[in-house]
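Quick note on labels: first sequence line is chain A, next is B, and so on, each numbered from 1.
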Amino acid sequence: MSDQQSTLRHPWELVAHREISTKLRDKTFIGSTVFMLVLVLAAVIIPALISGNGGPDKIAVLNDAGAKIVQQADAINGDFESVRVADRTSAEEAVTGGDVKAALIPADNGYVVLGDDRVDSDIQNSLREAVVNIGMEQNAAGAGLTPEELRANTGLHEELLNPGPLPEIVAEFVNIGLALAFYMTALGFGMMIAQSVVQEKESRVVEILAAAVPIRALLWGKVIGNTVLALAQILVIAGASLIGLMVTDQADILGVIAPVAGWFVVFFVLGFVALAGLWAVAGSLATRQEDLGSTTLPGQMILMIPFFFSVFAGSSAKTVASFIPIASSMAMPGRMLTEDVLLWQPLVAIAVLLVATVLIVRLGASLYERTLLQTGRRLGYREALALKTS
Amino acid sequence: MLSVAGLTRRFGDHLALDDVTFDVVPGRMTGFVGANGAGKTTTMRIILGVLAASSGEVSWRGGPLTQAIRRDFGYMPEERGLYPKMKIRDQLVFFGRLHGLDPIRAGERTDKLLERLSLSERAGDVLETLSLGNQQRVQIAAALVHEPIALVLDEPFSGLDPLAVDTMVDLLREEVTPEVPVLFSSHQLELVERLCDDLVVLSRGKVVAAGPVAELAAGPSSTYRLVVDGDAGWLRDVPGIRVRDVAGAVALFDVEAAGQEQRILQQAMSRGSVLEFGPEKVALSDVFREATR
């Protein structure tokens, strides 16, 4: 009692702690986390396995000269292996039968590459370069020049004035991936917050809770507990995909993502907290689980519209979205990754988001206080705004 | 002392509480009775701060009842509720800590209460797997776990079998120290009569009777009941008393002055055997009916 007050933790900490420990024991929650983990790992590892670890591409050759070219191509770029066949007919059989990717056949004035319905451009380019190199070396020797002399002043290098951080297709995927990570987490945890509130109303335990601690402490405990859980879930999944990337030798992609990671966390936490307040209100407006379908609708819209906007809109619309609260959580980290964004932009977006979060949470808290103990029937948002504190 | 003064609560046009005033004295159990809808639950919810009063106030030891003080109260709401999917020990420790206990003390208190309620071997079970009677025991443990400085129990014994009621009553008597005021509502008047020291009767939002049960149930102290082995009709001719009713050997009469009853007794004994003699007690249910009429 009074002498125990000194050792007392804040009530919201207890509520948050209960929220976390309950979820960690919830089989559905653990199951869905494991499922996401498997999904993300599969997305990281399987493409690498298919492209990388399928073994070297086999190229059929007729003789030593052919084998040498394949060896050279392997050294230049890629992963090639020569397979000796007797003649052109057996080479054709090997190609059409799928035993080899292509065949390298001597012809007048060079070589012919045989393919089935097409020849992979990588294979074609590598072989062409190898053939040219070896041919030029021989020709150089004939003309009394060293290969270096022959190649002098023929180099061509690429230099980009505005290098994009990521290749376009990868950028697109990363953009969608980051928005999706926020969307899924905010929606999933949002529904869990709403459910956990309505469960307390349904089981009437809310009356004891409200008599023991301020209602705002209940709200904060829920919001903070779930934010911590959501962030932890993201980190676990990020950690797993990191290990996946390293195992499959794709670690270089990290160099691009790492600088944006901190920004992502800031946008994530602010956007998540703002929404969490609304989800808790969605729970407190309901009286039974079945009511959640309608009371969570505004929350779902607030998430879904910016999500599709930030993923599918054109780049100028995306730039606008990256400043609008909630939408910015989905759009800005992706933009920073795929475009060159000046530092003031994320800072302004965060400032706007912070103000919006404070306002939304304050509105949420006041609605929550008014509606949590109304167990008679489901309330609408407009009705809740008109209510006085009990 | 827990006092409510002038509590009024309106729900729209409906006046649920009308100037409700009473005290709950430490160390005494105060029964709170009234018909359904009389305003008992509304009053209790206002005391616990989960409902606001339209006017009036609740005070604690002469000062205003703050949220911090309320945190040390024990409350059992009319609509029972705990976390159905939480293990009962975890649950009680949580409530203990929510009310301000440190983890160790909360654990000790929980174990003691579970032991006392013979629920120790169910400590690790999820609440919803318990029978309703056992869930009710956990509910009362949740109200007691933090050694509350005051108890407000809304229909704590409803739905319990007589044996379970006895266990709960014993537990309450053990837990309630002389400085703890207890307010509990019930419509089981027999139980209230057995347990309560004080009584507050509420009717349509108004306090219609309040005071020690002994006084309220004593009835008009001038009425006596006499049972003899013959006919008691002679009482009608005795001066200075007013006979209410004589039926064969049983008579009910009022005395006008104290001491007169002793003369009647002597007279009765001189006439024959006296089987029963004493002040007439009024059943609480009669008090209740009278007060709420």
Checking A:S203 against chain B: side chain, backbone, both or neither under 4.5 Å from a heavy atom?
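Backbone plus side chain of A:S203, per the 4.5 Å heavy-atom cut-off to chain B.
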Given heavy-atom pairs under 4.5 angstrom as the criterion, report whether the side chain, backbone, both or neither of A:E202 touches chain B.
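For A:E202, neither part sits under 4.5 Å from chain B.
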Between chain A and each of B:V152, B:I69, B:L82, B:L48, count heavy-atom pairs under 4.5 Å; write down the option with the most.
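Option with the top pair count is B:L82.
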Relative to chain A, which segment of B:M76 carries a heavy atom at a distance below 4.5 Å: side chain, backbone, both, or neither?
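No part of B:M76 comes within 4.5 Å of chain A.
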Heavy-atom distances under 4.5 Å only: say whether B:F94 touches chain A with side chain, backbone, both or neither.
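Side chain only.
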So B:F95 and B:Y75, ring pair (Phe, Tyr, Trp, His ring centres under 6.0 Å) or not? Walk me through it.
CA-CA 11 Å; B:F95 282 111; B:Y75 177 40; over 10 Å; no
Does the distance from a Lys or Arg side-chain N to an Asp or Glu carboxylate O, for A:E207 and B:R45, drop under 4.0 Å?
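So A:E207 pairs with B:R45 through a salt bridge.
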Relative to the ring of A:Y183, is the ring of A:F307 parallel (under 30°), tilted (30 to 60°) or perpendicular (over 60°)?
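If you compare the ring of A:F307 with that of A:Y183, the planes turn out parallel.
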Would you please classify the geometry between the A:F272 ring and the A:F268 ring as parallel, tilted or perpendicular, with 30° and 60° separating the classes?
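If you compare the ring of A:F268 with that of A:F272, the planes turn out parallel.
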Check whether any side-chain heavy atom of B:E155 lies under 4.5 Å from a side-chain heavy atom of B:R80, and answer yes or no.
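Yes, side chains in contact.
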